[in-house]
Amino acid sequence: MEKAVFYNRDLSWLSFNRRVLMEAAKASVPLLERIKFLSIYSSNLDEFYRVRIPVLMALSEHGSIAGETDHFTLAKAEINEQQQQFGAIIREQILPELERNSIYWIYNQPIPESISAKVAHVFFTEVLAYIYPVCIDNDLTDFFAENNKLYQLVVLEDKTGKERLELISIPSETLPRLYAIKTAEARYIVFLEDILKHNIAYLFPDDVIKGVFNLKITRDAELKIESGNKEDLTEALERQLETRDFGFATRFLCEPGIPLRNLYRVIYALKLHKAEVVEGGTYHNLKDLSSFPLKGAEFSYPKWPASDSLILAENETLFNLILKKDILINVPYQSYDPVLRFFNEAANDIYTKEIYTTLYRVASNSRIVSALMTAARNGKKVVALVELKARFDEANNIKWAKQMKAAGVKIIYSSIDLKVHAKVALVKRQVTAETQYLGLLATGNLNENTARFYTDQILLTAHQPMLKELEALFGFLSKSKKAPSPEDMISFEHLLVAQFNLQQRFLDLIEREILNAKNALKSGIIIKLNNLEERTLITKLYEASAAGVPVKLIVRGICCLIPGIAGLSDNISVTRIVDRYLEHGRIFLFENNGNQEVYMGSADWMNRNIYSRIEVCFPVYQPGLKQTLVKIINLQLNDNVQESVYLFLQSNKTNPTHL
């Protein structure tokens, strides 16, 4: 086998965001949905700057000394190219299509005289209440430019000819970012910052306006809780959340055309010396396009109501049905109601004595958490493992943890060093002398909101041996340890659990396919993931390819495996699907000489999932459900519309030293 090579994870992620842009450019996608894809792209890029750019900057500084590949420079070049494409999609496709519908989005243009009075009315009645200019040349001790907040720099000249810089905060977190203004003939859509700019002279009547420029600053979002911190984790996180938006600046985004002397004055005044200065477009924070004020069914995807996941007889309970057979739910195509009913029945079922669950990202108005609190009030033992370190959901999780604790739910927090990413729940019932287990195991979060647009799979099962293993796992989680010690070792026969047996079991399953191929038996591997990075597992897939095992991968985001290399990965294909729903499920199929084994679970094959998280993958035993999953995967592999061959950025394809 050829020596294993690996694609850079950050460049791979950027290729995913480029794929999102491709959806925005498709004429076949309804207009509002195309605008929403632009919003998703922008939101993704903001998070990349907050989370990954600080890492790349640090590696770049180290690499310049050690002579390593500068992925930071490559990433910047790719982002610049994508930003050009982003602007071209708006100018050449979105704006003309809107105009064909008598809708005029004022984008990089003066506000027309025909709506000037209406724009002024909005300014004086809605916007002006929130405007307070800050002079750059004054003492800025009490001013801090916040993360991802929009600002407008106003360059002024007084009567003596002296130049002055004023900074205005755009109140986009309070007011709509985009205003729809109607006339008898047409509809106009105007940015909030353009409304301010159009009326800026009112704020400075004694000065000459020399220029108005939009600015934005992106800051490092990483929370830094030290290992071994004895302080209450909730309090430590709450304090860090208060300062998250005050991290060091990673990007200073400015509108083109700002005079260099003014740019330097702003950098000095706002202490942005280490930030990457990026000359972007006129408008920033275009994730706000998610609320673009465009009405009409023709501009959106047609509605796809979720089908019933199951139909219960009038007097039949969900629990009784689970005891008869396993149930598979495929959201959002099928209704999420059985998941809600699972927790609701547990909360009020007289035979239920104990409920255990993991909570990673829950809805802001979670009915699942409400059911858990009801169960506790009904006298049941309820234990919830709440992952406080779920990035950007920390505050919501802290809120719910406090409420659950007040209701009598026992709250467990994972250790600082070991994040719990598993998506599982366990119900213990006492119908007879023997304890009866019911379980829920999922590929995605227990979140009824994201279940409407994330594709995930949920298994409801009464497989007693597997659920006894789940009970043992909850026993370990209740210790909140950094890692399993020898006395914590659990002999998992059914479940694949990161930190215990997950990586080794996947290696063994791949090895069996290799042996089958060498012995001329049926072999094959099909895996669907969000991200593929971990090198031990990638190397094993390379080994399988070299042995003649056909390997088919569907990887939505990061993919560090490179297909099609002679002698290494020529039996591997990698595709990705980007469509109206976010592909989120993790499914693993192994041919096993015609006796297919199917697993699902929470684990991507990333370093973090394998080495520093608790993840749970689980087998699907019922033949009918296995058949359903195989059909779903084959349908996706045969997709010739939304599925695309995995895109590797050109800079890596032409220079192997970048791999």
Would R580 count as a cation-pi partner of W304, with NZ or CZ less than 6.0 Å from the six-membered ring centre and within 45° of the ring normal? yes
Look only at the side chain of S60 and the backbone of L56, and say whether a donor-acceptor pair between them is shorter than 3.5 Å. no
Between T455 and N330 (side chain of the first, backbone of the second, donor and acceptor by atom type, cut-off under 3.5 Å), is there such a pair? no
Rounded to the nearest 0.5 Å, how far does CZ of R586 lie from CH2 of W605? 13.0 Å
Carboxylate-amine/guanidinium contact R18 E78, below 4.0 Å: yes
Polar side-chain atom of Q464 near backbone of A462 as donor-acceptor pair, under 3.5 Å: yes
Which residues satisfy the side chain to side chain contact (heavy atoms under 4.5 Å, CB included) test with E597, sequence neighbours excluded? L509, R512, N592, Y599
Keeping the roles fixed (side chain from S480, backbone from Y413), state whether a donor-acceptor pair exists under 3.5 Å. yes
For residues 518-525, tabulate all N or O donor-acceptor pairs below 3.5 Å that involve a side-chain atom, not counting sequence neighbours.
from : atom 1 : to   : atom 2 : distance (Å)
N519 : ND2    : L515 : O      : 3.0

Do you know the tightest heavy-atom contact between C617 and S602? SG-N, 4.3 Å
Without swapping roles, check the side chain of N501 against the backbone of L495 for a donor-acceptor pair under 3.5 Å. yes
Which distance, rounded to the nearest 0.5 Å, do you find between the CG of L467 and the NZ of K428? 11.5 Å
Decide whether H584 and D456 meet the rule of one side-chain donor and one side-chain acceptor closer than 3.5 Å. yes
I want to know whether Y581 and F453 have ring centres closer than 6.0 Å. no
Testing I510, L529, V598, V620 one by one against F588 for a side chain to side chain contact (heavy atoms under 4.5 Å, CB included), which residue passes? L529
Evaluation steps, salt bridge (charged side-chain N to carboxylate O under 4.0 Å, His left out), between K423 and E615: CA-CA 8 Å; K423 327 292 187 183; E615 303 277 5; over 6 Å; no
Test of ring centre spacing under 6.0 Å for F319 and F342: yes
Can the ring centres of F618 and H494 be said to be less than 6.0 Å apart? no
Distance from N397 atom CG to R361 atom CZ, nearest 0.5 Å? 8.0 Å
Nearest-0.5 Å distance, CZ of residue F16 to CG of residue N531: 8.5 Å
Quick check: does any side chain N or O of T461 sit under 3.5 Å from a backbone N or O of D326, one acting as donor and the other as acceptor? no
Between E511 and K540, is there a side-chain N and carboxylate O pair less than 4.0 Å apart? yes
Quick one: does S545's side chain have a donor or acceptor within less than 3.5 Å of a partner on L541's backbone? no
Within this structure, what is the OG-OH distance for the pair S569 and Y542, rounded to the nearest 0.5 Å? 5.5 Å
For I610, is there any backbone N or O sitting under 3.5 Å from a side-chain donor or acceptor partner on Q499? yes
Can you name the ring-ring contact (aromatic ring centres under 6.0 Å, His included) partners of Y336, sequence neighbours left out? none
Under 3.5 Å donor-acceptor, T357 side chain and V424 backbone: yes
Check whether E387 reaches the backbone of V420 with its side chain - one donor and one acceptor, N or O, closer than 3.5 Å. yes
Would you check if the distance from the ring center of H463 to the ring center of Y437 is below 6.0 Å? no
Distance in Å, I554 CD1 paired with L637 CG, rounded so as to fall on 0.5 Å steps: 4.0 Å
